[in-house]
Amino acid sequence: MLERVTATVREHGLVRPEETVLVCVSGGPDSVCLLESLVRLRRLFRMRLEVFHFDHRLRPDSPADAAYVRRLAARHRLPFHLRVADDAPGVGASVEAWATGRRMDAANEVRREIGAPVLAEGHTLDDQAETVLLNLLRGTGLDGLAGIWPGEGERPASSLVQPLLDVSRADVEAFCRSLGLRPRRDPMNDDRRLLRSAIRHEAIPMLERITGREVRATLARTASVLHQDRLELLRQAADRQAAIVEHDGGEVRFRAADLAALPRSLAARIVRMALWRLAAVDDEVAPWTSDSVDAVLDLAAGRPGRRRDLPGGRTARRDRVYVRVTSPVETIEPSTEGGQA
């Protein structure tokens, strides 16, 4: 276990000396294994650890999870940070998506408060395999099939890392047993009405019966290969973007002829990256949908004078030089001068 975690951290440059790592711990086997592994490796990597737990309040006994994690942190004399959800998923909303969003928002808030550049999660090789199949069903393309990122050595000021991504769930369970630990169990992980749980308990075992072999490592390896392709495409898009894209408040402009001359996969990536910057907190639909990207590319390849309506009240129109995507209300740059709120 520790050898594999060490190899993953070193291969991807997940932690730098003297950095503080905020470890997300739900109390389940994966996150408990993550914490116990990092505790044993903290001197090797010269890192400081703090513990974060988010209570989603989705189960009546969820406070017991928080108490369990608090005791783990105290045992290792680590600072403990607890945040509790102040709302619930809406009717018809994805519980998993809501829970992930609220947890990550709270974790990043704590990370900023304590000045930790690294946020560590306990996703495993099994989670990677499930994510590949889940995103295949969702039609997410290369971004989704590349799966969960382990983290990159050439990273920004803050980074989300996955030190257990090369470790199987079976090895996690064995590691916890070897330490005499009794992690908490979330019954939602066995609720087959949830798509990820159905993939875990039904789809993957069925694929293994059909093929007569283990498929989790194969799916994870596929994600790793596609991840490298995704990084290269991102690099090329970033190199070309400055010459093609201009931002002005709530408007983004694309040089139509230059955009249309690029291979479609590269052009689509540039458009998606640019539209991402137009996202607003209250967007019900992300501005970088496939339909939005296709609309911009269609306008770039066509004649001037046309326009298309995009999600969120945005408009794309083609003039002689540009395809202009405009938000319904232009972004107001924050004032640099003091004043009353």
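Keep in mind that what you see is a predicted model, and the values were worked out from it rather than measured.
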Crowding at [atom1], [X] (>12 non-hydrogen neighbours, <6.0 Å):
X: R182; atom1: CZ; result: no
X: E3; atom1: CD; result: no
X: R43; atom1: CZ; result: no
X: R240; atom1: CZ; result: no

Consider only side-chain heavy atoms of I, L, V, M, F, W and Y, link residues closer than 4.5 Å, and tell whether [X] and [Y] are in one cluster.
X: L136; Y: L194; result: no
X: V5; Y: V25; result: yes
X: L164; Y: V118; result: yes
X: V215; Y: L125; result: no
X: V32; Y: L2; result: yes

Rounded distance [0.5 Å steps], [atom1] in [X] versus [atom2] in [Y]:
X: L165; Y: E11; atom1: CG; atom2: CD; value: 10.5 Å
X: L259; Y: L266; atom1: CG; atom2: CG; value: 9.0 Å
X: L78; Y: R42; atom1: CG; atom2: CZ; value: 5.5 Å
X: E36; Y: R75; atom1: CD; atom2: CZ; value: 6.5 Å
X: R184; Y: L72; atom1: CZ; atom2: CG; value: 11.5 Å
X: Y322; Y: D258; atom1: OH; atom2: CG; value: 10.0 Å

>> Taking D248's backbone N and O only, do any of them form a donor-acceptor pair with E246's side chain (distance below 3.5 Å, no angle check)?
In response: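 No; judged by distance alone, with no hydrogens or angles, the pair does not exist.
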
>> Treating D127 as the side-chain partner and T124 as the backbone partner, does any N or O pair qualify as donor plus acceptor under 3.5 Å?
In response: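 Yes, because the side chain of D127 sits within donor-acceptor range (under 3.5 Å) of the backbone of T124.
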
>> One pair to check against salt bridge (Lys or Arg N to Asp or Glu O under 4.0 Å): D294 and R264. What are the steps and the verdict?
In response: CA-CA 10 Å; D294 288 345; R264 185 176 181 84; 2.8 Å; yes

> Going through the checks in order, is the side chain to side chain contact (heavy atoms under 4.5 Å, CB included) test met by V69 and S26?
Replying inline: CA-CA 7 Å; V69 177; S26 67; over 6 Å; no

> Does the pair E18/R48 count as a salt bridge with the N-to-O cut at 4.0 Å?
Replying inline: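 Looking at R48 together with E18, the answer is yes, because their closest N to O distance falls below 4.0 Å.
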
>> Does R318 form a side chain to side chain contact (heavy atoms under 4.5 Å, CB included) with V323? I'd like the steps, not just the answer.
In response: CA-CA 4 Å; R318 171 76 149 87; V323 175; 3.7 Å; yes

>> Before you tell me yes or no, could you show the steps for D190 and R185 under salt bridge (Lys or Arg N to Asp or Glu O under 4.0 Å), namely the whole-Å CA-CA distance, both residues' side-chain angles and the distance that decides it to 0.1 Å?
In response: CA-CA 10 Å; D190 296 320; R185 302 287 173 174; over 6 Å; no

> After noting the C-alpha distance and the side-chain angles of D126 and R200, does the key distance pass the salt bridge (Lys or Arg N to Asp or Glu O under 4.0 Å) rule?
Replying inline: CA-CA 8 Å; D126 293 59; R200 176 180 302 165; over 6 Å; no

>> Would you call the rings of W149 and H227 parallel, tilted or perpendicular, taking 30° and 60° as the class edges?
In response: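 The arrangement is perpendicular - the two ring planes meet at more than 60°.
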
>> Students often mix this up, so state it plainly: with edges at 30° and 60°, are the rings of F54 and H56 parallel, tilted or perpendicular?
In response: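 Perpendicular: the ring planes of F54 and H56 meet at over 60°.
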
Verify whether one side chain among [X] and [Y] offers a donor that lies under 3.5 Å from an acceptor in the other.
X: Q236; Y: E232; result: yes
X: D65; Y: S62; result: no
X: D171; Y: S168; result: yes
X: R196; Y: T131; result: yes

>> I need the single residue from L195, I204, L145 that forms a side chain to side chain contact (heavy atoms under 4.5 Å, CB included) with L133. Which is it?
In response: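 Per the side chain to side chain contact (heavy atoms under 4.5 Å, CB included) rule, the option paired with L133 is I204, out of L195, I204, L145.
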
>> Show, in sequence, the C-alpha distance, side-chain angles and deciding distance for R269 and Q241, and conclude whether the side chain to side chain contact (heavy atoms under 4.5 Å, CB included) test is met.
In response: CA-CA 9 Å; R269 178 70 53 173; Q241 189 177 32; over 6 Å; no

